[in-house]
Structures are given as structure tokens and as C-alpha cells.
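Notes follow the structure.
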Amino acid sequence: MKKFFCIVCAFFLCASFFAEVQINLNQEVDFWSEYPSDKLAKAITDRMTDEELLSQILMFGWAGAEPNQLLFDWVSRGLGSVKVFGWNTDDIKLVAKSITNLQKRSVTGRFRIPLFVATDQEGGWIRHVKGETLITPGNMAIGSSGYPADSWYSAFYISREIKALGINMNFAPTVDLFTDHDSTIIGTRSFGDNPEKAGILGAAWASGSEAAGVIPTVKHFPGHGDTSYDSHINLPEIDVDFDTFTKRELVPFMYLIKQKVPAVMSGHLSFPKIDPTGTPASLSKYFLTDLLRGQLGFEGLIITDDMMMNGATMFAGSLSAAFKMAIEAGNDIVISSKCAKLQEALWVNNLNLMGRDSEFHARVKDAAYRVIKAKLDYFKGGNAAPLYPDPNSIAKFVPDRDGQKFFLEQACRSVAVEKQTSLPLDPASAGKVLFVGSLPKFFQEGKKRFKESGEFSFTYEIGPNETQWVVDNIGKLAGGYDTLIVLVYNERTARIAQWLKQYGKRTVIFSIMTPTASFGLDWADDILVGYSYSNYTMQALFGALCGEYQIRGTVPFKN
């Protein structure tokens with residue numbers, strides 16, 4: 001008992017000591033000094049120059065296969081973060097090598113602060129790190145199965161792959177609701193249209209990501225689901241009142257904030273009935289400081305969506321002004337997909353403003369403090385991505401072997417029936433089968449089961465001229481078959497399917513990607529919904545068609 005008492009006393013003495021730690025301004029410290037994160041982050045930011053503070057809250061990408069000298073110059077200046085976009089990731093060994101080289105440059109700085117290295121690896125069709133990484137069924141497939149465990153493990157396996165490359169932050173999960181069915185920018189990136197369900201699945205996703213050792217970033221606050229406009233091109237206006245907004249858009253974010261998600265991405269989205277100025281949420285102090293931090297109690301990092309998107313810059317008038325507004329609004333990391341020039345206006349103007357405006361200076365310093373503290377908590381937490389990933393070891397982790405088995409099972413749990421007449425389809429009674437579509441795996445899986453079959457193939461990114469060519473020529477082939485199995489994923493492929501109605505054949509629709517594309521095809525005998533172009537989804541759809549397992553998925557939105 002005495003020994004136990006001594007241990008307890010020692011524990012409280014240590015806790016008291018660390019609570020009282022003060023770092024003298026004359027002491028030399030760097031990122032790896034042994035102090036509590038909050039004290040060390042404050043000590044570092046107190047010692048930083050204005051250039052170092054402003055650099056720490058910027059995140060730049062690179063366009064070539066490898067980072068150019070300009071990005072390395074920014075890292076030498078003290079750049080806080082880099083982003084891996086989908087333009088440069090076919091060779092994942094080269095991605096790992098690039099990250100290693102950038103991190104090595106970063107830790108040569110005065111405070112030896114490592115980089116946050118981020119990407120968009122949501123699952124489904126948003127997969128910025130390509131190469132051998134897995135193409136997964138995606139969020140709407142998770143919403144269809146409805147199991148939080150599917151969301152957790154999806155994030156876990158996705159995150160394990162990118163962690164092996166040295167990526168430590170992921171801009172996922174997406175919890176935007178599938179409210180506007182005409183939206184192609186969100187679509188199957190959404191878990192569905194139910195706010196509570198999206199919140200539960202999003203929280204599970206974030207938890208799985210953290211368990212794997214990658215920082216999740218929930219997006220796009222405060223909700224991109226009720227618009228068909230793309231904020232890359234223009235500023236979407238979402239015309240909802242505050243009551244609807246609170247009970248719908250905000251609900252998923254509230255679930256994740258309660259779970260203490262470490263980061264939120266602000267969206268270039270205007271809500272004129274809530275903020276009459278029309279200011280994008282990403283540039284709005286009301287949305288980020290008053291609402292997200294003040295009312296909802298979010299304590300983590302706030303990160304902008306790419307500031308090169310027109311939704312931000314068109315409103316602000318210039319990229320420099322947009323950066324200023326983003327910082328003042330409450331963002332802690334400001335992203336540009338393009339690596340700025342060293343003396344670009346977005347840098348020079350905001351750096352000069354720090355010297356003239358004490359309030360702006362304090363906001364930059366606060367953001368830098370939050371970034372550095374988050375880095376200290378992460379990199380010293382025992383589960384961080386490697387700073388210097390070994391390109392020669394990548395094949396051990398990518399593709400993730402456990403993930404391969406899981407994602408096939410998950411795809412099978414996600415397949416849903418939109419219409420059923422003759423399921424399951426027995427290959428022996430199907431007669432001659434014609435497959436109409438574009439994906440190699442679609443034809444491969446079909447021919448495994450239906451030996452007496454043919455195919456009519458077109459390109460995946462089918463344009464209007466090719467669509468017309470298919471309509472003009474497919475009838476010559478369709479008449480000689482008994483059953484048609486058609487892959488539908490957008491308006492043009494739906495038009496091809498609709499043209500086939502006149503031939504009176506038994507018709508099965510595989511609806512993927514844009515699930516609403518099949519809504520006008522209820523004349524077909526059977527419609528199966530799969531949400532993704534992944535190989536796992538093709539296997540699951542044909543398995544469901546042929547009765548190889550029991551279909552349990554439910555379309556996660558109202559028609």
C-alpha cells in the first residue's frame with residue numbers, strides 16, 4: 001500500500017511539474033526538445049520571425065513527377081505543409097522518394113519542424129495517390145451497407161497504404177449529404193442523404209484513419225451537398241434557411257466535432273440566407289470563428305480547400321486578398337495547389353500586413369501555434385507516418401493485402417436492388433448475353449459466368465459523338481441476343497440503355513457512379529446499384545446477379 005501511495009504521489013508531482021514548465025526565452029529549443037506540446041509550441045512561435053510564422057501556415061503542391069527547386073526553396077523558408085495531388089502519383093516509389101527529400105530539407109530549418117504531407121484519398125473515385133493503391137467501393141457503398149465497421153476499416157486500409165508513402169494527413173472523410181441529386185461534384189463521395197447516418201459513418205471513418213496513423217480532415221464545412229455547382233469553377237450558393245441548415249448540413253460535422261476530429265476543411269460555399277454578404281464559408285469569420293469554433297466548439301485545425309479554385313478567388317478579387325480573408329476568417333492552413341513564386345503577392349502583401357496590423361499578426365501567430373502543436377502531438381504520438389519512407393519497402397504495404405479481401409466483402413455488402421423481376425439470373429437460362437459497357441473488369445466478370453456472350457464496348461469518358469455512334473450501331477448487334485446487361489453511370493450511358501428498350505430483350509442494368517442516372521430506366525427487368533467503377537464492385541454486381549450471395553444493401557438516399 002505504501003509503495004502504491006508513493007507511485008501516486010510521484011505521478012502527481014510529475015504532472016504538477018510539467019504543468020508549471022516555463023521555457024526561458026534564452027533557451028535554445030527546436031521541435032524535438034523534450035517539453036509538453038503546448039509549452040513547446042508557444043516557445044517556438046514566440047521565437048519565430050514573421051516569415052517563419054506565415055510560412056508555417058501555408059500548404060503548396062507540385063505539378064511535375066517530382067518537386068521542383070521552387071518548392072524546396074519554400075521548404076527552406078519554413079513552409080509548413082505540402083500536398084500530393086493526383087497529377088504526379090502513378091509511380092508511388094517516386095512519391096515516397098519525393099516526400100523523403102522534402103522532409104529532409106524541412107528538418108534542416110532553424111526549428112527542425114517536419115512537414116504535414118496531405119492528399120485526397122477518400123476512397124471511390126477520389127483517389128489522388130494512384131499507382132498500386134486500391135480502388136475502393138467508396139462512401140456511398142459504405143452508406144448502402146450502413147455498417148460503421150465498413151467505414152472504419154475502409155479508412156484504416158486506405159490510410160495504411162498512404163502512410164507507407166510518408167503521407168500523414170488525408171482530406172477525408174467527406175460528410176456532404178447527397179441532397180441535390182444533380183450534383184456530380186459530390187455524388188457517390190457522399191454516404192447518403194441522412195444527416196445522422198452520415199455523421200456516424202463519418203465518425204467511424206475518422207477513427208479508422210487515426211488508428212492507422214493518418215490525420216483525418218472532415219469536409220467540406222459547412223456542407224457541399226445541396227448544390228450541383230462545382231466550387232472549382234464558380235461559387236455555389238446554397239439557398240437554405242438557418243433552421244434547415246442546423247438540422248441538416250451541420251449534423252454530420254457535429255458528430256465528428258464531438259468525437260474531437262483533429263481537422264476540418266472549409267468549403268468555398270455561400271449561404272446567403274445565413275450570411276447575407278454571400279461570403280464563402282472558407283473566407284467567413286462568422287462560419288469559421290463564430291460558428292465552427294465558438295458555437296460548435298471545434299478545437300482542431302481549420303484548413304481551406306484549394307485557394308486556386310474560383311469559388312474563393314472570384315469573390316475575394318485576387319489570390320492575395322483571398323489568402324488574407326482566409327487567415328482572418330480563422331483558417332490555420334491555407335492551401336494552394338500551385339506552388340507560389342517566392343515573391344508572389346499572396347506572400348509579400350500578407351507578410352507586409354503582419355508588420356502593420358497587430359491583429360492580423362496575432363491571427364497568423366495563433367494559426368502557426370495550432371499547426372505546430374498539432375504536429376508535436378502527432379509526430380511524438382507513437383503512430384506517425386515515417387518521415388523518410390523507404391521506396392524499396394513500398395511493395396510490402398501497397399496494395400494492402402488485408403484491404404484487398406475486405407473491399408471485396410464490403411462491395412458485396414453494399415450492392416442494392418433498385419428493381420427486381422427475374423433475379424437471380426441463371427446463366428443456363430439467360431440464353432445469349434450481350435454486355436454493353438466500358439470497363440474491362442465488367443466484361444471479364446461477365447464472361448466468367450455467361451459463356452455464350454458478346455460485348456459492345458465504348459470508352460469510359462464517352463462524349464456526345466461517340467454516344468450517337470453507339471446508338472446508331474448497337475441495334476445491329478443487340479437483335480441477336482436474348483439478354484442485355486448494360487453498365488450505366490451517367491446521362492449518356494443512360495441514353496444508350498434507353499435506346500435498347502425498343503428491342504424487347506430481357507435487360508439488366510448495373511447502375512454505378514451516378515446512381516440517379518438509372519431512375520428513368522424502370523422498364524428494365526432488373527436494376528442493381530453498385531456506386532463505383534472498382535473491380536471489387538464489378539465482382540460484387542455479377543455475384544449478386546447470379547445469386548452467389550444474399551443482397552443486403554439499401555440505396556442510401558430517397559428517390
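Counting from 1, the numbers follow the sequence of the chain as shown.
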Ring geometry between F253 and F221 (parallel below 30°, tilted from 30 to 60°, perpendicular above 60°): perpendicular

Residue pair G543 / Y549: nearest heavy atoms and the distance that separates them: C-CE2, 3.6 Å

Donor-acceptor pair between N331 and T304 side chains, under 3.5 angstrom: no

Any side-chain donor near an acceptor of the partner, S414 and Y531, under 3.5 Å: no

Geometric class of the F156/Y153 ring pair [parallel <30°, tilted 30-60°, perpendicular >60°]: perpendicular

Mutual orientation of the aromatic rings belonging to W469 and F456 [parallel < 30°, tilted 30-60°, perpendicular > 60°]: tilted

Parallel, tilted or perpendicular, as decided by the 30° and 60° cut-offs, for the rings of F458 and Y489: tilted

Heavy-atom side-chain contact between F557 and T516 under 4.5 Å: yes

Sidechain N-carboxylate O distance under 4.0 Å for R506, D526: no

Derivation of the salt bridge (charged side-chain N to carboxylate O under 4.0 Å, His left out) call for K83 and D306: CA-CA 10 Å; K83 185 179 177 189; D306 182 9; over 6 Å; no

Lys/Arg-Asp/Glu bridge criterion (N-O < 4.0 Å) met for K219, D120: yes

Residue pairs passing the ring-ring contact (aromatic ring centres under 6.0 Å, His included) test where at least one lies in residues 185-220, sequence neighbours excluded: H220-H224

E466 and R492: CA distance, side-chain angles, deciding distance, salt bridge (charged side-chain N to carboxylate O under 4.0 Å, His left out) verdict: CA-CA 10 Å; E466 186 179 4; R492 288 174 181 145; over 6 Å; no

Ring centroid separation F287 to F271 under 6.0 Å: yes

Criterion side chain to side chain contact (heavy atoms under 4.5 Å, CB included) on L545 and I485, from CA distance to verdict: CA-CA 10 Å; L545 176 66; I485 300 177; 3.7 Å; yes

Donor on one side chain, acceptor on other, N168 and K375, under 3.5 Å: no

Full working for side chain to side chain donor-acceptor pair (under 3.5 Å) between T467 and R495: CA-CA 8 Å; T467 302; R495 181 189 168 197; 5.5 Å; no

Close aromatic pair by centroid cut-off 6.0 Å: F542 and F510: yes

